[in-house]
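The chain is numbered in sequence order, starting from 1.
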Amino acid sequence: MERPKVIFLDAVGTIFGVKGSVGEVYSQIAREFGVATSAETLNEMFLQSFKAAPPPVFPDVQERDIPQYEFEWWFQIASNTFKQAGVFEQFYDFSAFFSEVYIHFGTAEPWFVYDDVIPALTKWQKMGIELGIVSNFDSRLYSVLQALELRDFFSSITISTQAGAAKPDPQIFAIALEKHNCEPAAAWHIGDSIAEDYQAAKAAGLRGIWINRGSE
């Protein structure tokens, strides 16, 4: 197998994952606001709301306004999660709750790094392979990577909200490749989603590699 010039990786579910589940985090912080509900129910409703949401892409939005659009995109998912769980009306101030949740997911606290990640990144870096991230996450990714001590491994980070395209759209891969002056055939993309990572990368001309984290 020919060595790639660049290896791109997905972020959430590939490099790092949520401790427990999103539902557990939501449930824990909701209790601080006097709202008690099952973590399992919240996680199920979150996954439904997340899958039903439009892609996190904001065309024709000025760069300085993107963080606000990201916040509002996630606000809709979170509010739909609690509405479907039947407890939204129990919040005295849902906006205050969500602001705390949003800040929390921008820190290291709710995340863990998969055991195989740092050895792999270190090996590839020593081999002289350029490393990048292609993710449908938002701009909190920069602070999360910094907090998890992963930022220095990557010479490029391409996220959908800034690129104006979200996986599986081939355009996000084209934007990432351009940052490395790399042809698609000379790059790999590794991720945990068969559709958004493996199949999407192949469709864009890269070598797609699916990593099974048990999420599909």
Check [X] against [Y] and note the closest heavy-atom contact, atom names and distance.
{"X": "F91", "Y": "A30", "value": "CZ-CB, 4.0 Å"}
{"X": "C182", "Y": "V6", "value": "SG-CG2, 3.9 Å"}
{"X": "S27", "Y": "T37", "value": "OG-O, 3.0 Å"}
{"X": "M45", "Y": "A85", "value": "CG-N, 3.9 Å"}
{"X": "S95", "Y": "F75", "value": "OG-CE1, 3.9 Å"}
{"X": "D152", "Y": "Q125", "value": "O-NE2, 3.6 Å"}

Do [X] and [Y] share a hydrophobic cluster (ILVMFWY, side-chain heavy atoms under 4.5 Å, transitive)?
{"X": "L141", "Y": "I118", "result": "yes"}
{"X": "F58", "Y": "F137", "result": "yes"}
{"X": "V113", "Y": "L9", "result": "yes"}
{"X": "Y142", "Y": "L131", "result": "yes"}
{"X": "L148", "Y": "W124", "result": "yes"}

Do any N or O atoms from the side chain of [X] and from the backbone of [Y] form a donor-acceptor pair under 3.5 angstrom?
{"X": "R140", "Y": "Y102", "result": "yes"}
{"X": "N80", "Y": "Q76", "result": "yes"}
{"X": "K167", "Y": "I172", "result": "no"}
{"X": "R151", "Y": "F154", "result": "yes"}
{"X": "K5", "Y": "N181", "result": "yes"}
{"X": "S160", "Y": "P56", "result": "yes"}
{"X": "Q84", "Y": "S49", "result": "no"}

Matching residue for R213 among D10, D192, D116 - test: salt bridge (charged side-chain N to carboxylate O under 4.0 Å, His left out):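 Passing option: D116.
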Evaluation steps, ring-ring contact (aromatic ring centres under 6.0 Å, His included), between F173 and F8: CA-CA 9 Å; F173 293 102; F8 294 110; 7.6 Å; no
Stepwise side-chain contact (heavy atoms from CB on, under 4.5 Å) test for W210 and D197: CA-CA 7 Å; W210 177 55; D197 293 310; 5.9 Å; no
Donor-acceptor side-chain pairing of Q68 and E72 below 3.5 angstrom: yes
Distance flag, aromatic centroids of F33 and F94, threshold under 6.0 Å: no
Aromatic ring proximity, centroids under 6.0 angstrom, F71 and Y69: no
Greater than 12 external heavy atoms within 6.0 Å of [X]'s [atom1]:
{"X": "Y198", "atom1": "OH", "answer": "no"}
{"X": "K83", "atom1": "NZ", "answer": "yes"}
{"X": "E178", "atom1": "CD", "answer": "no"}

Test applied, ring-ring contact (aromatic ring centres under 6.0 Å, His included); reference residue, F16; option that passes from F105, W111, F112, Y114: W111
Evaluation steps, ring-ring contact (aromatic ring centres under 6.0 Å, His included), between Y92 and F97: CA-CA 9 Å; Y92 174 73; F97 159 77; over 10 Å; no
CA sep, side-chain torsions, deciding dist, call: S135, V12, side-chain contact (heavy atoms from CB on, under 4.5 Å): CA-CA 8 Å; S135 171; V12 181; 5.6 Å; no
